[in-house]
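Written below as structure tokens is the structure these notes are about.
Chain A is the first sequence line, chain B the second, and so forth, proteins listed ahead of strands; every chain is numbered from 1.
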Number of protein chains: 2
Amino acid sequence: MIERRQTGTGLHDPVLEKLGMEIAAGELPPGHVLTLDGIQERFGVSRTVAREAMRVLESMGLVQSRRRVGITVRPTADWNVFDPKVIWWRLSGPARGAQLRTLTELRIAVEPLAAGAAARAATPAQRSRAVELAATLRRLGEAGELTEFMERDVEFHGLLLQASGNEMFAALADVIAAVLRGRTQLGLMPHKPVPEAMDLHDAVAAAVAGGRSAEAETAMRALLVEVRTAMLPG
Amino acid sequence: MIERRQTGTGLHDPVLEKLGMEIAAGELPPGHVLTLDGIQERFGVSRTVAREAMRVLESMGLVQSRRRVGITVRPTADWNVFDPKVIWWRLSGPARGAQLRTLTELRIAVEPLAAGAAARAATPAQRSRAVELAATLRRLGEAGELTEFMERDVEFHGLLLQASGNEMFAALADVIAAVLRGRTQLGLMPHKPVPEAMDLHDAVAAAVAGGRSAEAETAMRALLVEVRTAMLPG
DNA sequence: CTGGGCAATTGGTGCTACCTTTCCGTGGAT
DNA sequence: ATCCACGGAAAGGTAGCACCAATTGCCCAG
């Protein structure tokens, strides 16, 4: 589940969001210098708020603050590219395609192992839920219910990441949810999921349910390679 | 290269560091409530400094700030476990072993694909450097120069991650360096690297140099599985 | 005794004013 | 041309204020 704005309140959050987006989008290129004064004036906020937003950006590696010189935008290589906010900002900007590609590579790396681990570590409830979801996916896919299909797909992949028992894998669930949602928004999904995809979802679920780790891993890998080739033209 | 706070300057940094460590270590368990006043008094800093540290912790998902309630420590599942600072804090605390395990799983997921990508995308300089490093590793390993071996190993793995052309993989270089260093500090390394490890380093380097992607991937996977089994007893 | 509403308390939110510290530029002296 | 000293710009840090929201608990009605 992506959770945008659950806090809602907070005056420094809009500032953080806007600056983060602009930096991630490259509108404020590396080397560009901001000042607290400038931020205050631009957003009509106090020094306190400007400083807090700046500190958070600094902790993400997006900027560096030095006395006398100002707030400098840092090169991309220094960013915390695993920070969910940074990923979100890049997915919202012109680098969306590139970010989707690197994230898909990450998915191909992580999700097969997560599925394998899930086959070993999942609870009975998780196993049956996986099978159930795979069946639902087939039904929705054949019916052409694209958005509902996507939501279940998000749940399916999130479930396996959670069930892997590795909290670092589990932490990727939200990010991958954003990838799946962003992919359909970008029109990188076929209008009707290919039958192979449904077969592979079934295969993964069955292998997880049956505790067949290696099988779950290879099926998930095949599924994701399928996903990558499908979005290559995009 | 690990770079612990080369900025040094900054009064809010020690506060952030201490609180982060305590939360990561579980000394401040989920649900525990802090107040800005308490932080001010404890560290002898002003409200501004306490607030900035709190905001950064909040952006890492370690705490949540609510009016009238205070600053609540959030459950582990909400943490940004990919944030380098969070990883560092957990590696420094009692959860070190668990963190090393999840990170090793992540390595097994990511590094083989990164090596495969490096075989496709590396520059000529990177390819020759990889071969050179593998040879150096063999020499150092046979000589039993453990710390120097480790430093070259750090460079080797970082090089391939950088060369993969995927910035998310590249961003893991620092973290993996911390894992390698932490592993030797924890005594989870054999006193003399096993010959197989050296052979596999060679195989990876040769495959990358020769552009044989699949071969680089499988060799790297074998190398990391070796690593995992070696640290399982720990 | 229970429940609902109202008021007091608590603690973060945001603002302003002011001082300190660090360095970047600049300009003058050698 | 080089070096050094100095002024000023901008972040770093402190203090105290008004404000607001949520929680706590009290009080009174049923």
Which part of the nucleic acid, if any, lies within reach of [X] when heavy atoms closer than 4.0 Å are counted: base, sugar-phosphate only, or nothing?
X	result
B:T48	base
B:I39	nothing
A:T35	sugar-phosphate

Measure the distance from [atom1] on [X] to [atom2] on [N] and round it to the nearest whole Å.
X	N	atom1	atom2	result
B:F43	D:dG12	CZ	P	19 Å
B:I71	C:dT10	CD1	C1'	14 Å
B:Q64	C:dG12	CD	C1'	13 Å
B:D37	C:dT9	CG	P	17 Å
B:L36	D:dG16	CG	C1'	15 Å
B:E52	D:dA11	CD	P	12 Å
B:R66	C:dG12	CZ	P	12 Å

Select one nucleotide: of [options], the one nearest the side-chain heavy atoms of [X].
X	options	answer
A:R67	C:dT22, D:dT14, C:dT13	C:dT22
B:S46	C:dG14, D:dG13, D:dA9	D:dG13
A:R68	D:dA11, C:dG14, C:dT22	C:dT22
B:V49	D:dG13, D:dA10, C:dT13	D:dG13

Would one find more than 12 heavy atoms of other residues, nucleotides or ligands at under 6.0 Å from atom CZ of A:R66?
->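 No.
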CD of A:E41: more than 12 outside heavy atoms within 6.0 angstrom?
->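 No, because the 6.0 Å sphere around CD of A:E41 holds 12 heavy atoms or fewer from other groups.
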With DNA chain C as reference, determine whether B:V69 or A:H12 sits nearer its 5' end, using the nearest nucleotide of each.
->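 Mapping each residue to its closest nucleotide by heavy atoms, the 5'-most match is B:V69.
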For the base of D:dG13, is there a side-chain donor-acceptor partner from A:R51 under 3.5 Å away?
->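 Answer is yes: a donor-acceptor pair is held.
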Is the distance from OP1 or OP2 of C:dC18 to the nearest side-chain N or O of A:R47 less than 4.0 Å?
->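 Negative; the distance criterion is not met.
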Phosphate OP1/OP2 of D:dA11: any A:R55 side-chain N/O under 4.0 Å =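 Indeed not, no polar side-chain atom of A:R55 lies that close.
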Polar side chain donor-acceptor pair, B:E17 to B:W89, under 3.5 angstrom =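 Result is yes, a qualifying pair exists.
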Is any side-chain heavy atom of A:H32 less than 4.5 Å from a side-chain heavy atom of A:L34?
->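 Yes - at least one pair of side-chain heavy atoms lies under 4.5 Å apart.
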Taking the inter-plane angle between the rings of B:H201 and B:H157 on a 0 to 90° scale, is it parallel (under 30°), tilted (30 to 60°) or perpendicular (over 60°)?
->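 B:H201 and B:H157: perpendicular rings.
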